[in-house]
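Structure first, commentary second.
Here the structure is a predicted model, which is why all the values come from computation and not from measurement. Chain letters run A, B, ... following the sequence lines, proteins first, then strands; residues in each count from 1.
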Amino acid sequence: MILTKAQYDEIAQCLVSVPPTRQSLRKLKQRFPSQSQATLLSIFSQEYQKHIKRTHAKHHTSEAIESYYQRYLNGVVKNRAAPVLLDLANEVDYAPSLMARLILERFLQEHEETPPSKSVINSMLRDPSQIPDGVLANQVYQCIVNDCCYGPLVDCIKHAIGHEHEVLLRDMLLEKNLSFLDEDQLRAKGYDKTPDFILQVPVAVEGHIIHWIESKASFGDECSHHAYLHDQFWSYWNRFGPGLVIYWYGFIQELDCNRERGILLKACFPTNIVTLCHSMA
Amino acid sequence: MAAVLESLLREEVSVAAVVQWVARSTQGSKDNPGEAAALSSLRPLRKEFVPFLLNFLREQSSRVLPQGPPTPAKAPGASAVLPGRPGGPPRGSRGARSQLFPPTEALSTVAESPVARRGGRRRVPGPARERGGRSLEEGVSGESLPGAGSRRLRGSGSPSRPSLTVSDPPNLSNLEEFPPVGSVPPGPAGTKPSRRINPTPVSEERSLSKPKTCFTSPPISCVPSSQPSALDTCTWGLGLPPGCRSLQEEREMLKKERSKQLQQSPTPTCPTPELGSPLPSRSGGLTDEPADPARVSSRQRLELVALVYSSCIAENLVPNLFLELFFVFQLLTARRMVTAKDSDFELSRGALDSLETPLFQSIHDCVFFAVQVLECHFQVLSNLDKGTLKLLAENERLLCFSPALQGRLRAAYEGSVAKVFLVMPPSAQAVSFQPETDNRANFSSDRAFHTFKKQRDVFYEVLREWEDHHEEPGWDFEKGLGSRIRAMMGQLSAACSHSHFVRLFQKQLLQMCHSPGGAGGTVLGEAQDVLSMLGADKLGRLWRLQERLVTPQSSGGPCPPPTFPGCQGFFRDFILSASSFQFNQHLMDSLSLKIRELNGLALPQHEPSDEDGESDVDWQGERRQFAVVLLSLRLLAKFLGFVAFLPYRGPEPPPTGELQDSILALRSQVPPVLDVRTLLQQGLQARRAVLTVPWLVEFLSFADHVVPLLDYYRGIFTLLLHLHRSLVLSRENEGKMCFLNKLLLLAVLGWLFQIPTVPEDLFFLEEVPSDAFEMDTVAPEHGLDSVPVVDQQLLYTCCPYIGELRKLLALWVSGSSGRSGGFVRKITPTTTTSSLGAQPPQTSQGLQAQLAQAFFHNQPPSLRRTVEFVAERIGSNCVKHIKATLVADLVRQAESLLQEQLVTQGEEGGDPAQLLEILYSRLCPHGAQALVLGREFCQRKSPGAVRALLPEETPAAVLSSAENIAVGLATEKACAWLSANITALIRREVKTAVSRTLRAQGPEPAARGERRGCSRACEHHAPLPSHLISEIKDVLSLAVGPRDSDEGVSPEHLEQLIGQLGQTLQCRQFLCPPAEQHLAKCSVELASLLVADQIPILGPPAQHRLERGQARRLLHMLLSLWKEDFQGPVPLQLLLSPRNVGLLADTRPREWDLLLFLLRELVEKGLMGRMEIEACLGSLHQAQWPRGFAEELATLSNLFLAEPHLPEPQLRACELVQPNRGTVLAQS
């Protein structure tokens, strides 16, 4: 699903200040029926993350935390079965999972002697049963299952999606008889930067030489693409030459501007792959 | 000086005698004692003859080539100027060197200002030293116009060129600001201050008249006097008063004269448009003066001078062959003669001496002279590129003046294959990552490794940014990238990181800048072939098109200063911006090493006797290989010179006097960065000058002013001078050096001699040192010099300035007559050559090796290459093979030994270091097998490879010898490496394996559990794990709420979901451990919600609950998944966590039967132990519960516990069989 910048902007426009709930997603799907759900979810998630990055700091002032915590306490005193934490997060425009983490941290600070370590917090978020307070455990759990952009479950889904696409790509390469080294093999050899696959014999796609392929199970928007270029794609180019990036959920067409330079974007596995003819010479 | 020329013109001496007199330090012609006598009296002036001649010709032609400096060059030293030209200022002036040229860009532009023209016509450069300094600055910093160099007078170019427009035109008559050139520092003897002074007494009377410069020449019709006057003979040198005390006086008078001249008529010598000044529409507005052979004024005189001049060129008595050709081409394509003013005409009428009569009185004379000279140099011309030949052959003047020469040129053109074409630079390619040199093992610490990882990326980021922006106006390298580069260099703390970075830098440099335009590493575009092979065949066409569209970058006249064209500029600027001492040092080390390596490369030598068909192919390959090596060497040497001399260069003028002496004393202590003198000597001895000299010239071109004064480098220059003189093109047999090889050397040396930092006096060494160059007879029979390795493509790539000749001719055709020039500065007066000293001692080699050498001697060179190649590769493969087999086996043994140790010594396993030592002592002795295995491997593999690579028709005996040699060489190589390194290798590999095993023992035992894959028949169509997690999450979120009233799940959907979960767990294609963990947890959560009846069911509004039977069925499905399909741990104890049990508290009425059912099933299926459940139930009592709930819970516990026990031992066994089930928390 390759979108023009204009199309993308139209979608992004609809996502301003939308809470990351399943209801929001449903509405989005109704609004853009022609786009694939995965693409929409990916864009939604990225836009929401950008929004959170921008506003993250204001939720982390000690005043803000204190006020949230008091509101939480007051809320559960009134009705411990009500979605107090989730409503609070939606009201202040913050991700429910992150709100849960914030309140949990604050709670533990109050109830434990030593400040909680990050790993303890993470473990409790993954398994709220470990939270000593039953009410809070329920509230946290509710936040996590209702957040479609943050939280351990979402992280796991994203990770699984990434892994599945790598497997998919590997199958396609095998099917095309293209021999490759995968990330693990490269790491074992001591490569400092490892794309998903390095082709042992380069191929050409649409007239461009391809030495490596990176699979991205997300939508390629400007922000993430630039980050990837800086942290990954150019690094791969710097070591292995030109290559191919597959954004399985599409990308903004205008970003595919480094083809000549050696970074080709595709939204699917390329169909016309030219291989080196062995009958030559 | 003039006396000699005049004697010549009077035919008192022969041309041959003069040339011999000039060329040889010995007495002149033995045939004619009279001549010899005439010349011997002039002996002290011998070495000044050539500069005089060159200056004389330049001076004479100044009317013909009025715009800009008339001549590309003037020799320093004995000026040919007539009265009015002063001698030189004291030692140190570099005027001649700084001869100016109009920018090439101005070729087709508008008229120049009078001052500029004047400045150009007369040789009046700016302060020479300053510009000498600037030149390098410009070349170095890249701030100046590309290729413009310093040899242009600021303001002497066309005013239409904005960057050169000078608001305040320099006062060219100001002798202080613009000291006259032509001065030469005193020779070694330093005794002849007068020799650069025109000795003609400047009288007051004369100062009233115009000085007798060329524009005071008689009219064209005036027949020059052939009567020499005694007075004039005196004037021209013989009557020189010894000591010339009135030097200062004369100078004063000259000054006056000059300023007077300027005041009297601001444009006395400035031709008005009718005098041929260039007009904006030069191409159309002016008709060129036709040249007619019949109207040549003094044939004989011109012929004589042309002959002398040609002979000097042929004998390499002029410093720069191509500069002279450029000058001659300028004469050939001169457009109009500047007519002399009447007054000049009148005045000069009285002048009778033959030199005062202008040599060139008309365009006809110029063309005649040029053609005469060209006729003598047909051989050089015929070796120019095809394009130049075509333009020459099509030149109508040439046809008109010498149909014979034209005919020969045409024939040469038709037979020429010397097409020179541009290689377009492909966009940058990165240096590839090589695990052997780049992985963690090559770094001292993790930190260094990761720092370098980042640096590599920053380096390319900077490079890309440079590519994008460097052509934008106003973009500045330092401003744009400087701080980032320095920040990056600052991180390179460890010395080893520096060497890694330098290797990257150097490789990238070689990859990007092989050719002067910055073209890529391939010669003649090999990359192009690869691309078209890959189906992008349009690319080739595109390149050709590009080649036609992109005009070659102006190289800045025939003598451009050293520059960093194209992407070389990036590397230069990078070095400057980095300004890191460590980096520079490492870079120099690395460059030196690579230069040594490439310079010593055994380039296959083509044997002329090779007559079979393959030789053609080999030739091509050898030429290409040579070109790649040579271009790489030049590039590396250029950067080495740049970095090595960087600390000593600056814009300030070179020091003089005592300061200079102390600097010399200091600098002579410093060992050279690379022992270039020895390399040069070896190169000359081994007859590899064609490889060594071109890169040496690049290196030296960046030397600072002091360098040539150091004994060490002076020796090098002397060698080079002698080499230059020995490269007489017409003497084909003597040196056995191929013509184009010579031409290349002459071109690069000629260019070097024009570099401002190279002092002039080096070229005026009177006598040849005893150890000077001589073609020694003990040199190898077939040195590289005698192999035709240079072709026109390489010649023009190395010396793009030769292309200026073509431009000149092309301009003539196109009708615009701009010129750019160069300048001649130096003369090499030395003649004789002498030996290079001792021969290197014969290396002692084994008899076998000698036999092998002898074997190759009579075989085609490709055979040797093949054998060496095979041996090299097989040897290397052998080592890899040993690593993969023997060493890998030992590592496996080490692992099992380690396991044993761990078992016997318990979990702690003892001290790892001690463990390692035990392993080493057991395993390392096995390394001895490596040699045996290695030998076997080479024996097995080499013959086949040799056979595959050699021609089918190779005689059997030759083949088997070649095979045997390959086996021997490969074995030698492999065994040498193995015997030195095998123990270290085993230790290293074992160590990594052990630390890997020890690590794996630690934290993650679960991860090592064996996993089942999908079944064979699986087609991987199961739903993706991510999809399932997402679906289950939706159900969970619905159940937990909040939800809308119309939201819910159908029982069918739930059933389908659990069914899909089963499929996914069975097909493990896409399943990764974290996903499985989450699925397990979600399934437990789902079960808890089922038990608590918390899942909102879609259906009739009255009944939003799941039927009991349905719930049990779903729970059954889940139980079966937990039992059969999950391969990782399932956190079943979560079912009894306070939170999940608490869900029951919210349901009214509370129903416990599903929970009881579930607990029983868990025990039944052996998923959880009774005790475990008991413990969980027990801990539930500690939680706070709503009223009544605790009691109900206690009842449940009792109910569960009251049930008949399964025999304990059985349960235990069950737990033991599957220790992970139900006991492990899903923590991660």
Is there a side-chain contact between [X] and [Y] in this structure, where contact means two heavy atoms from C-beta onward sitting under 4.5 Å apart?
X         : Y        : value
B/Arg1043 : A/Arg22  : yes
B/Leu1079 : A/Cys156 : no
A/Lys193  : B/Arg456 : no

Heavy-atom pair of closest approach, residues [X] and [Y]:
X         : Y         : value
A/Ile157  : B/Lys1033 : CD1-CD, 4.1 Å
A/Asp127  : B/Lys1081 : N-NZ, 4.0 Å
B/Ser1037 : A/Val145  : CB-O, 3.1 Å

Residue [X] excluded, over 12 heavy atoms near [atom1] under 6.0 Å:
X         : atom1 : result
A/Gln200  : CD    : yes
B/Gln1063 : CD    : yes
A/Arg80   : CZ    : no
A/His230  : NE2   : no
A/Asn79   : CG    : yes

- [ ] Scan side-chain atoms only and decide if A/Asn238 and B/Glu461 contain a donor-acceptor pair under the 3.5 Å cut-off.
- [x] no

For the interface with chain B, which of [options] has the highest count of heavy-atom pairs at distances below 4.5 Å?
options                      : value
A/Gln142, A/Gln23, A/Lys189  : A/Gln142
A/Pro83, A/Ser235, A/Ala160  : A/Ser235
A/Lys158, A/His159, A/His163 : A/His163

Side chain, backbone, both or neither: which part of [X] has a heavy atom under 4.5 Å from chain B?
X        : answer
A/Asp171 : side chain
A/Glu206 : neither
A/Ile161 : both
A/Ile131 : neither
A/His208 : neither

Open item on the list: I need the single residue from B/Leu1136, B/Val1141, B/Leu1134 that forms a side chain to side chain contact (heavy atoms under 4.5 Å, CB included) with A/Ser129. Which is it?
Closed with: B/Leu1134

What residue in [options] has the most heavy-atom pairs under 4.5 Å with chain A?
options                                    : value
B/His1020, B/Arg464, B/His450, B/Glu1085   : B/Arg464
B/Pro1042, B/Pro1025, B/Ala1075            : B/Pro1042
B/Pro1138, B/Pro1074, B/Gly1142, B/Cys1082 : B/Pro1074

If you round to the nearest 0.5 Å, how far is [atom2] of [Y] from [atom1] of [X]?
X         : Y         : atom1 : atom2 : answer
B/Gln1069 : A/Glu164  : CD    : CD    : 10.5 Å
B/Ser1030 : A/Leu41   : OG    : CG    : 7.0 Å
A/Trp237  : B/Tyr460  : CH2   : OH    : 6.5 Å
A/His165  : B/Leu1024 : NE2   : CG    : 7.5 Å

Against chain A, label [X] side chain, backbone, both or neither, depending on which of its atoms sit under 4.5 Å from a heavy atom there.
X         : value
B/Leu1038 : both
B/Ser1026 : both
B/Phe449  : side chain

Identify whether the distance between the nearest side-chain nitrogen and carboxylate oxygen of [X] and [Y] falls below 4.0 Å.
X        : Y         : result
A/Arg26  : B/Asp1044 : yes
A/Asp192 : B/Lys454  : no
A/Arg239 : B/Asp457  : yes

